[in-house]
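The structure displayed is predicted, hence computed values, not measured ones. Naming: A, B, ... by sequence-line order, numbering from 1 per chain.
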Amino acid sequence: MSIPTHYNPENVEDKWYAYWMAHNYFHSEPDNREPYTIVIPPPNVTGVLHMGHMLNNTIQDVLIRRARMKGFNACWVPGTDHASIATEAKVVAKLKEEGIAKADLTREEFLEHAWEWTHKHGGIILEQLKKLGASCDWQRTKFTMDDDLSASVISVFIDLYKKGLIYRGYRMVNWDPEAKTTLSDEEVIHIEKNAKLYYVKYLIEGTEDYITIATTRPETILGDTAICVNPNDKRFAHLAGKKAIVPVANRSIPIIADDYVDIEFGTGCLKITPAHDQNDKEIGERHNLEVIDILNDDATLNAKGLHYEGQDRFVARKNIVKELESLDNLVKIEDYATKVGTSERTGAVIEPKISAQWFLKMKDLSQPALDAVLDNDVQLVPDKFKNTYRHWMENVRDWNISRQLWWGHQIPAYFYADGVNDFVIANSIEEALPLAQEKTGNSALKISDLRQESDVLDTWFSSWLWPISVFDGIRYPENKEINYYYPTNDLVTAPEILFFWVARMIIAGYEYRDEKPFKNVYLTGIVRDKQGRKMSKSLGNSPDPIELMKKYGADGVRVGMLLTSPAGNDLPFDMELCQQGRNFSNKIWNAFRLVKQWEVDDAIDQPESAKVAIDWYTAKFQEALEETEQSYDKYRLSEALMRIYKLIWDDFSSWFLEMVKPEYQKPIDAKTYAAVIAFFEENLKVLHPFMPFLTEEIWHLFKDRTPEEALIIEAYPKQEVYNENLLQEFDFASEVITNIRSIRKEKQISFKETINISVLKNDAAADTFTSVIKKLGNIETFSTVLEKVDKALSFRVQSVEYFIPVENAVNSEEEKAKLTDELKYIKGFLKSVQGKLSNERFVNNAPEQVIAIERQKEADALAKIKTIEESLGSL
RNA sequence: GGGCGGUUAGCUCAGCUGGCAGAGCACCUCGUUUACACCGAGGGGGUCGGGGGUUCGAACCCCUCAUUGCCCACCA
């Protein structure tokens with residue numbers, strides 16, 4: 001035998017990927033067919049493939065391959081995201097290693113480094129996706145900072161500004177002191193931390209009395225500009241209008257009253273630091289308080305921090321606590337569990353900071369996007385995410401879209417002076433000049449008087465346009481491509497970015513196309529390790545996907561990932577799953593080997609067993625196809641895969657091939673052989689979306705194909721009506737076979753030894769599969785009898801009784817015990833059925849159908865009891 | 001603090017509008033049968049998180065408790 005017993009994916013995978021590429025099968029152009037479009041969630045351009053990508057992209061590939069085979073014009077658009085903050089952080093780190101500080105570079109110099117880095121690392125991840133088999137239209141590969149996409153981003157900014165939806169404001173924002181940029185609310189992760197609550201007393205000016213406040217951030221005392229109590233708090237009524245002395249700083253600040261203060265919490269007194277807390281800022285605005293910002297951009301204290309200048313905020317906290325203690329201003333310290341905001345990207349503790357930033361008004365923009373999901377115009381899978389989505393959308397706040405970074409889309413605002421609103425918005429500085437001249441009334445203004453905003457836009461401000469901008473539908477809303485491919489069909493992504501990205505894409509879709517960007521959103525779970533921990537680089541618990549594919553084959557890994565991964569459920573990943581996938585590859589490979597080695601003889605007749613086997617598998621395949629389609633419709637890919645897995649492993653290999661298998665070293669008839677090959681090919685087609693490489697390989701090994709032929713573009717099997725009766729009859733027959741095998745095992749009758757069997761004539765015993773029973777049971781004669789057979793082993797399937805006469809093997813005591821057990825069980829069953837049927841309320845209330853089923857069960861049980869009792873009697 | 005899920009076999013999960021608890025893997029037994037030991041045949045295994053209730057009948061509907069996960073949130 002020249003075909004190896006184990007499938008070796010190694011050379012196969014690269015070979016077929018190259019073949020598909022060479023024939024341009026992944027490429028799509030608008031035509032008369034119905035489109036089926038998926039845009040990839042663009043991975044970070046400098047990223048490396050991890051298990052999350054594997055899951056995500058396997059799903060997309062399954063969907064797109066199936067659509068392609070079903071005759072849609074399938075288009076999967078790949079690309080990468082510039083990932084402003086993440087990439088900039090990497091470049092900064094890399095420069096630091098080389099001894100270069102970002103601060104020493106000009107913007108242009110830094111961007112040169114960033115582009116160099118991008119060109120070097122960008123695209124690695126896309127190359128890795130090819131190993132997985134991803135059938136992306138690589139000719140359409142996009143990058144969020146390509147010229148056309150950048151132009152789209154800028155034009156959208158200008159448009160939204162003109163619509164009055166973008167404004168610049170002096171607001172309290174989330175400051176990441178490590179990346180030295182602001183973040184949107186969504187980029188802030190709240191983490192539970194054990195903190196301390198410090199009770200600090202402030203001297204009331206002109207008295208010997210003190211007032212005690214509680215704070216978690218004693219270092220901000222240096223920025224205090226008031227003490228605040230609740231106006232209804234009688235305890236502090238006498239302090240109205242008085243002043244307090246800030247410890248350490250020895251400044252005098254007013255004692256004010258505001259409803260915000262909770263009388264019950266802490267001491268009922270609050271220190272007000274408008275520069276470093278959102279609530280304090282609001283209270284400060286109501287009471288016209290001074291704002292003292294004590295922090296630098298890197299969260300060290302500035303000159304306002306007095307002798308703590310230069311110290312990090314946390315160092316200063318420790319030190320100021322010591323000083324307060326020595327000054328006798330510290331009353332006590334309590335443990336306190338609180339949640340602190342941290343940066344999604346750097347992990348740094350977020351500092352609330354007042355600064356001038358750009359915002360997008362979200363309320364009105366988001367309404368159509370909210371409705372679309374609530375009305376299922378955009379379908380979330382699973383739909384439990386609808387609640388989460390609604391909650392977020394109903395409470396959406398203005399989006400801080402500016403970042404104090406260099407890598408990204410620079411905001412097209414041109415300042416002619418230093419005021420918060422001393423700017424004009426334009427496509428270029430040349431276009432900005434006349435606008436600025438007009439706005440200022442100063443026609444002497446020159447280009448050199450203008451200065452472009454140095455901030456860039458939030459990464460998501462470009463990716464929210466992705467499904468439109470990859471087809472250049474922002475700049476050219478009527479272009480052929482966008483009109484053809486939009487709206488796309490499926491978006492496959494992680495729930496983590498439901499708000500960051502998915503919600504905003506829907507918003508942009510309605511704003512710029514007046515139409516949803518995709519029909520379905522498949523939300524994958526998080527890939528976790530066996531212990532349930534999220535797979536991450538820092539934990540080192542994530543296997544290298546490339547290594548995995550080397551070991552188990554890309555197909556094996558794909559199957560492993562999808563076998564147990566319902567939408568929205570986390571995937572507890574285990575190598576065993578890939579092993580199962582690999583084993584499945586091998587099973588199919590060996591089924592192929594078996595069939596391939598058969599010799600065909602035109603001259604011999606088709607046996608009856610093969611004839612019925614073919615009828616049966618025809619129906620079985622259709623049943624499986626129907627079930628598979630239903631699973632696909634519900635996006636239950638794991639179920640679809642499992643059904644195909646069982647179809648091929650159990651139905652096809654264990655049953656069908658065994659039924660048609662010719663005797664050892666004898667040829668197979670041509671008719672049966674043709675059917676076997678045809679079935680095998682149909683199996684390969686339904687499996688292809690899940691295991692593209694293996695199926696393509698075997699499909700080509702069966703026959704010589706023309707250079708234009710490939711499984712990837714074969715037509716997916718069509719659903720047809722099938723004979724359900726035949727399937728039921730077979731289920732009966734297979735139960736007979738199982739019983740025979742059981743008896744063989746029990747009585748240690750070798751399979752090589754033929755046996756005889758008799759069936760007691762009974763209307764329920766159909767004989768369609770008698771030839772199959774004979775073949776798979778290795779039966780010499782199969783006879784019908786009118787009376788029970790003495791001295792025989794017996795078994796019953798439903799109400800039909802079978803006998804196997806075996807010389808000397810019948811031990812009547814054993815038989816008796818066996819029958820008694822069987823009788824006991826069936827009587828118990830009958831009792832419960834009759835219990836129901838004798839319950840008047842059941843008979844009166846239950847639907848007719850249910851009662852009929854119960855009556856049938858009763859009759860069957862009675863018939864079976866009768867045969868068992870007779871057998872017992874005759875023993 | 002608010003909201004939303006989950007809790008079914010050792011593990012991962014199905015179980016549609018109430019009507020005999022399922023699958024895959026794992027496990028056990030047997031097997032050098034002429035595709036495959038990455039295999040075959042046969043088999044065991046569940047008080048459906050606890051407690052109430054509705055119903056002829058509850059894994060499924062209602063109440064309640066427990067537990068676990070996720071999302072949101074400016075109480076010092």
Side-chain angles (χ1 to χ4, degrees), chain A residues 1 3 5-7 172 185 190 197-198 213-217 228 260-262 264-273 277-282 336 338-339 341 352 382 384-392 395 495-496 498-499 526 530 532 552 556 563-566 568-572 574 576-577 579-598 630 634 636 638-639 642-643 645-646 653-654 657-658 661 663-665 738 741-746 748 750-752 778 829 832-833 836 839-847 849-851 853-854 857:
Chain A
M1 204 59 240
I3 309 174
T5 56
H6 289 79
Y7 169 63
M172 183 148 283
D185 294 334
H190 295 272
L197 193 56
Y198 302 89
I213 58 91
T215 180
T216 52
R217 302 199 57 190
C228 188
Y260 171 79
V261 180
D262 182 348
E264 306 294 324
F265 190 89
T267 60
C269 298
L270 189 60
K271 73 186 201 61
I272 304 298
T273 320
D277 184 280
Q278 173 65 19
N279 295 309
D280 289 12
K281 178 187 175 247
E282 285 165 18
Y336 185 67
T338 187
K339 290 215 174 164
K384 67 178 177 187
F385 286 107
K386 267 169 84 172
N387 283 322
T388 314
Y389 179 88
R390 186 181 67 199
H391 186 258
W392 188 77
N395 296 287
E496 301 164 290
L498 188 58
F499 307 132
I526 296 164
K530 247 182 153 175
Y552 299 104
L563 266 176
T564 171
S565 175
N569 274 38
D570 286 357
L571 167 61
D574 189 338
E576 264 183 32
L577 292 166
Q579 219 173 81
Q580 198 180 342
R582 194 257 332 252
N583 293 355
F584 186 40
S585 305
N586 204 235
K587 181 73 189 177
I588 300 164
W589 180 252
N590 278 288
F592 159 70
R593 280 181 63 221
L594 171 70
V595 170
K596 191 71 182 169
Q597 73 181 13
W598 286 341
Q630 284 167 0
K634 288 180 276 189
R636 295 178 166 212
S638 297
E639 280 181 17
M642 184 48 75
R643 187 63 193 91
Y645 178 93
K646 287 194 279 194
S653 302
S654 296
L657 288 181
E658 292 301 327
K661 195 189 235 175
E663 274 180 64
Y664 183 48
Q665 289 187 336
T738 299
R741 286 169 173 167
S742 244
I743 284 176
R744 277 182 178 279
K745 182 176 180 187
E746 216 172 285
Q748 296 184 309
S750 156
F751 185 80
K752 287 175 174 166
N778 198 12
F829 176 71
S832 85
V833 172
K836 262 190 207 174
N839 182 337
E840 246 177 70
R841 287 178 299 185
F842 172 73
V843 181
N844 292 337
N845 292 316
Q849 221 182 353
V850 173
I851 295 171
I853 291 170
E854 292 300 313
K857 281 187 210 162

field: A:Met172 CE to A:Asp280 CG distance, which is reported to the nearest 0.5 Å
entry: 8.0 Å

statement: Judged by nearest nucleotide, the residue sitting upstream toward the 5' end of RNA chain B, A:Asp185 or A:Leu571, is A:Leu571

query: Of all the choices, B:rC38, B:rG24, B:rU34, which nucleotide is nearest to the side chain of A:Met642 once you look at every atom?
result: B:rG24

message: Suppose you measure atom P in B:rC27 against the same atom in B:rG19; what distance do you get, rounded to whole Å?
response: 34 Å

query: Any side-chain N or O of A:Thr388 less than 4.0 Å from the OP1 or OP2 oxygen of B:rG5?
result: no

- prompt: What does A:Lys271 touch in the nucleic acid at a heavy-atom separation under 4.0 angstrom: a base, only the sugar-phosphate, or nothing?
  reply: nothing

message: Applying a 4.0 Å non-hydrogen cut-off, can you work out what A:Leu563 is touching in the nucleic acid: base, sugar-phosphate, or nothing?
response: nothing

- request: Can you tell me the pairing partner of B:rG46 across any strand shown, Watson-Crick or G-U wobble, with both distances under 3.5 angstrom?
  value: none

task: Mind calculating the distance between CZ (A:Phe592) and P (B:rC39) to the nearest angstrom?
output: 19 Å

message: If you define the side chain from C-beta out and look only at heavy atoms, does anything of A:Trp598 sit under 4.5 Å from A:Lys661?
response: yes

Between C1' of B:rA26 and CD of A:Gln579, the distance in whole Å: 12 Å

task: Using the P atom on both, measure B:rA58 against B:rG50 and round to a whole Å.
output: 15 Å

field: Distance-only side-chain donor-acceptor flag, A:Glu282 / A:Gln278, under 3.5 Å
entry: yes

task: Just call it for A:Ser638: base, sugar-phosphate, or nothing, with non-hydrogen atoms closer than 4.0 Å on any strand.
output: nothing

message: When you measure from the side-chain N and O atoms of A:Asn845 to the phosphate of B:rC56, is any distance below 4.0 Å, counting only OP1 and OP2?
response: yes

task: Pick base, sugar-phosphate or nothing for A:Glu282, based on heavy-atom distances below 4.0 Å to the nucleic acid.
output: nothing

- prompt: Taking atom P in both B:rC71 and B:rA9, what distance in whole Å separates the two?
  reply: 26 Å

message: Quick check: do A:Trp589 and A:Ile3 have side-chain heavy atoms less than 4.5 Å from each other?
response: yes

- line: To the nearest angstrom, the CD1-P distance between A:Ile743 and B:rU29 comes to 23 Å

message: Looking at the base of B:rA41, is there any donor atom on it, or on the side chain of A:Glu658, that sits under 3.5 Å from an acceptor on the other one?
response: no

query: Under 4.0 Å: is that the gap between some side-chain N or O of A:Arg636 and OP1 or OP2 of B:rG15?
result: yes

- prompt: For B:rC25, does OP1 or OP2 lie under 4.0 Å from any side-chain N or O of A:Tyr645?
  reply: yes

A:Lys745 side chain near B:rU29 phosphate (N/O to OP1/OP2, under 4.0 Å): no

- prompt: Considering only the P atoms, how many Å lie between B:rC11 and B:rG49, rounded to the nearest integer?
  reply: 14 Å

message: Using a distance-only criterion (donor-acceptor N/O pair, under 3.5 Å, no hydrogens), is the base of B:rC4 paired with the side chain of A:Lys384?
response: no

field: Pair assignment for B:rU12, Watson-Crick or G-U wobble, requiring both distances under 3.5 Å
entry: B:rA23

task: Just call it for A:Val843: base, sugar-phosphate, or nothing, with non-hydrogen atoms closer than 4.0 Å on any strand.
output: nothing

- prompt: How close or far is atom C1' of B:rG1 from atom OH of A:Tyr336, stated in whole angstroms?
  reply: 11 Å

statement: Rounded to whole Å, CD1 of A:Ile526 lies from P of B:rG5 at a distance of 18 Å

query: Whom does B:rU34 pair with, Watson-Crick or G-U wobble, provided both distances fall under 3.5 Å?
result: none

field: Rounded distance (nearest 0.5 Å) linking atom OH of A:Tyr260 with atom CG of A:Leu270
entry: 6.5 Å

message: I want to check one thing: is the phosphate of B:rA76, taken as OP1 and OP2, less than 4.0 Å away from some side-chain N or O of A:Thr267?
response: no

- prompt: Below 4.0 angstrom from OP1 or OP2 of B:rC71, is there any side-chain N or O of A:Asn387?
  reply: no

query: Roughly how far, to the nearest 0.5 Å, is CG of A:Asn590 from CG of A:Leu657?
result: 11.5 Å

query: Do A:Pro352 and A:Asp277 come within less than 4.5 Å of each other through their side chains, counting heavy atoms only?
result: no

task: Measure from CG on A:Asn844 to C1' on B:rU55 and round the result to the nearest Å.
output: 14 Å

message: Give me the distance, rounded to whole Å, that separates B:rG31 from B:rC36 when you measure between the C1' atoms they each carry.
response: 15 Å

message: Taking B:rC60 as the reference, what is the distance to B:rC20 when you measure between their P atoms (whole Å, please)?
response: 14 Å

message: Counting only side-chain heavy atoms from C-beta out, which of B:rA73, B:rC25, B:rA35 sits nearest to A:Ala591?
response: B:rA35

- prompt: Side chains of A:Asn844 and A:Arg841: is there a donor and an acceptor less than 3.5 Å apart?
  reply: no

message: Counting the atoms with a prime plus P, OP1 and OP2 as sugar-phosphate, which does A:Asn569 contact under 4.0 Å by heavy atoms, base, sugar-phosphate, or nothing?
response: sugar-phosphate

message: From the set B:rA76, B:rG42, B:rG24, return the single nucleotide nearest to any side-chain atom of A:Lys646.
response: B:rG24

message: So A:Asp570, base contact, sugar-phosphate only, or nothing? Heavy-atom distance under 4.0 Å.
response: sugar-phosphate

- prompt: Is a donor-acceptor contact shorter than 3.5 angstrom present between the side chain of A:Asn279 and the base of B:rC74?
  reply: yes

message: Are the side chains of A:Phe385 and A:Pro495 in contact, using a 4.5 Å heavy-atom criterion?
response: yes

query: Is A:Gln665 touching bases, backbone alone, or none of the nucleic acid, heavy atoms closer than 4.0 Å?
result: nothing

message: Measure CZ/A:Arg390 against P/B:rC4 and give the value in whole Å, please.
response: 9 Å

query: With both distances under 3.5 angstrom, what nucleotide forms a Watson-Crick or G-U wobble pair with B:rU7?
result: B:rA66

message: With a cut-off of less than 4.0 Å, is there a side-chain N or O of A:Lys339 near OP1 or OP2 of B:rG1?
response: no

field: Atom-pair distance (NE2 on A:His391; P on B:rG1), nearest Å
entry: 16 Å

Per A:Thr215 side chain, nearest of listed nucleotides B:rC13, B:rA76, B:rC56: B:rA76

message: Check this for me: does the side-chain of A:Arg593 come within 3.5 Å of the base of B:rC36 through a donor and an acceptor?
response: no

- prompt: Is the shortest side-chain N/O distance from A:Arg582 to OP1 or OP2 of B:rC38 below 4.0 Å?
  reply: no

query: Should A:Phe584 and A:Ile588 count as side-chain neighbours, where that means a heavy-atom distance under 4.5 Å?
result: yes

- line: Closest to the side chain of A:Ser654, out of B:rC56, B:rA41, B:rA23, is B:rA41

- line: Regarding the side chain of A:His6, the nearest nucleotide among B:rC25, B:rA76, B:rC38 is B:rC38

task: Using only side-chain N and O atoms of A:Thr564, determine if any of them is under 4.0 Å from OP1 or OP2 of B:rC25.
output: no

task: Between A:Phe584 and A:Phe751, name the one whose nearest nucleotide on RNA chain B is closer to the 5' end.
output: A:Phe751

